[in-house]
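For reference, the structure discussed in these notes is given below.
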There are 2 protein chains.
Amino acid sequence: MNPAYDSAGKRKELVRAAKELFHHEGFHKTTLQMIARSAGVPLGNVHYYFPSKQSLAEAVIASHLSDLQTAFASWESEGPLERLRTLIRSPLRSADSVVQFGCPHGSLCQELQKDAESPLARAGAGLLQAWIDWSAEQLTALGWEASVARQMAGQLVAAIQGTMLLAQTFRSPELLTDQLGRVESWLEEQQSSSAERRKA
Amino acid sequence: MNPAYDSAGKRKELVRAAKELFHHEGFHKTTLQMIARSAGVPLGNVHYYFPSKQSLAEAVIASHLSDLQTAFASWESEGPLERLRTLIRSPLRSADSVVQFGCPHGSLCQELQKDAESPLARAGAGLLQAWIDWSAEQLTALGWEASVARQMAGQLVAAIQGTMLLAQTFRSPELLTDQLGRVESWLEEQQSSSAERRKA
DNA sequence: GTCTATAAATTGATAGAC
DNA sequence: GTCTATCAATTTATAGAC
């Protein structure tokens, strides 16, 4: 156990704890005390690894972005339409967590975005931007013109995010399943109407 | 200026200030100090009108609900379809505020709902429930079967709420206008396909 | 009813021993 | 690198004068 390993290990552990607590309790309600306890690190030690709560939050956002890229990469074997279906269904794989705490990206964005001055607002926006950019890519691959694909991607992500908000608000896994199914149907209708247009 | 008037006036002023600050800063970031200052009331006096921050938040939610009912009542002269269009367009009337701070109901719900134990979570849910119930009523009046109307209402509110989250995240009034227009188009497509089914 | 003063606990962040 | 002890400021809430 050389120092470098320990240091990196505790850093990662702090980010993991903060990521979970920001999701479960919200950014402003989460204290460094709570993060330190969950990570098994003394309170005063947190500032050795991260100079401020903000810098820790930046590391959390970077970790979320990395998770997203890993997920997208793991779906590469599928076709564009099936990839979008996988995205739509992805909240179901952690339905309990979504119903209790909402979307870890969406809820963090909403909270951070209230403070427009904060550098965290811009960083957080990158999370939802990643959702939209990736969706627009898949839609482009399906043959949609670039500007239309961007619009549709926005509609798709808005529908998924809004669905997670409602499922959380009413603590209803059924709502999550049903409404995500309707989003999937909407996507398929767009696809088939597009296919018809191409035939005509 | 009898005491009852003054008392009621300051109570209302505290609720107004808290409603605005919860929207602009978020519930947890807003302190009683900030509310007292905005309302022109000494800090120690807040607890004379409201025993706790929570009871003040309950009054804020009740005020939001009252606003909603007032808005719904003012749209009664229109037909059901036009009423739904008015709902979809309603974020545009305060576009700047939505882009900066998000939906006052949706963002409050998301924050309060993280703490399932809190009575505020249940109270907050009443706000989005009002959106859905009212939308389902209009859809029922348009001839949709009750359970279908509920599902469609959920989809509609999810789309509007998700759109507001994206518009806030990217600080884009254009995104708000464009995507709400797409929600309106979706609603009209549902209506016309329903009319076709009835003809057939 | 209204206010000042303050309590009691907690916050993010720092200092300095080891 | 790691920890304890602590600062200075802020939090919700209360006590008690007027």
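We use all heavy atoms of the structure for the numbers below, so side chains are in, but hydrogens, waters and symmetry mates are not. All figures in this text were calculated on a predicted structure; none of them were measured in a lab. Throughout, a chain's letter reflects where its sequence line sits, starting with A, and its residues are numbered from 1.
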Take atom CG of B:Leu43 and atom P of D:dG16, then tell me their distance rounded to the nearest Å. 18 Å

Taking the side chain of A:Leu32 as its heavy atoms from C-beta onward, which of C:dG12, D:dC3, C:dC3 lies nearest to it? C:dG12

Does a donor on one side chain sit under 3.5 Å from an acceptor on the other, for B:Glu145 and B:Ser147? yes

Give a yes or no on whether B:Arg171 atom CZ has more than 12 heavy-atom contacts from other residues, nucleotides or ligands under 6.0 Å away. yes

Nearest-neighbour nucleotide for the A:Asn45 side chain, D:dC3, C:dT2, C:dG12 considered: D:dC3

Whole-Å distance separating the CD atom of B:Gln33 from the C1' atom of C:dT11: 15 Å

If only side-chain N and O atoms of A:Tyr49 are considered, is one of them under 4.0 Å from the OP1 or OP2 phosphate oxygen of D:dG1? no

To the side chain of A:His47, which of C:dT11, C:dT2, C:dA13 is closest? C:dA13

OP1 or OP2 of C:dT10 versus the side-chain N and O atoms of A:Lys29: is any pair under 4.0 Å? no

Ion pair A:Arg83/A:Glu76, N-O distance below 4.0 Å: no

How many whole angstroms separate atom CZ of B:Phe50 from atom C1' of C:dT2? 16 Å

Quick one about A:Glu137 and A:Ser135 (side-chain donor to acceptor, distance below 3.5 Å, no hydrogens or angles considered), yes or no? no

A:Glu13 CD to D:dT2 C1', in whole Å, measures 17 Å

Are side-chain N/O atoms of A:Glu20 and A:Ser38 paired as donor and acceptor at under 3.5 Å? no

Nearest to the side chain of A:Thr31 - C:dT11, D:dT4, D:dT11? C:dT11

Phosphate OP1/OP2 of D:dT2 contacted by A:Tyr48 side-chain N/O (<4.0 Å): no

Atom-pair distance (CG on B:Leu21; P on D:dT12), nearest Å: 12 Å

Distance check needed: D:dT10 C1' versus A:Lys53 NZ, whole Å only. 13 Å

Whole angstrom value for the distance that separates C1' of C:dT10 from NE2 of A:His28: 16 Å

If I take atom NZ in residue A:Lys10 and atom C1' in nucleotide D:dG1, what distance separates them, rounded to the nearest angstrom? 9 Å

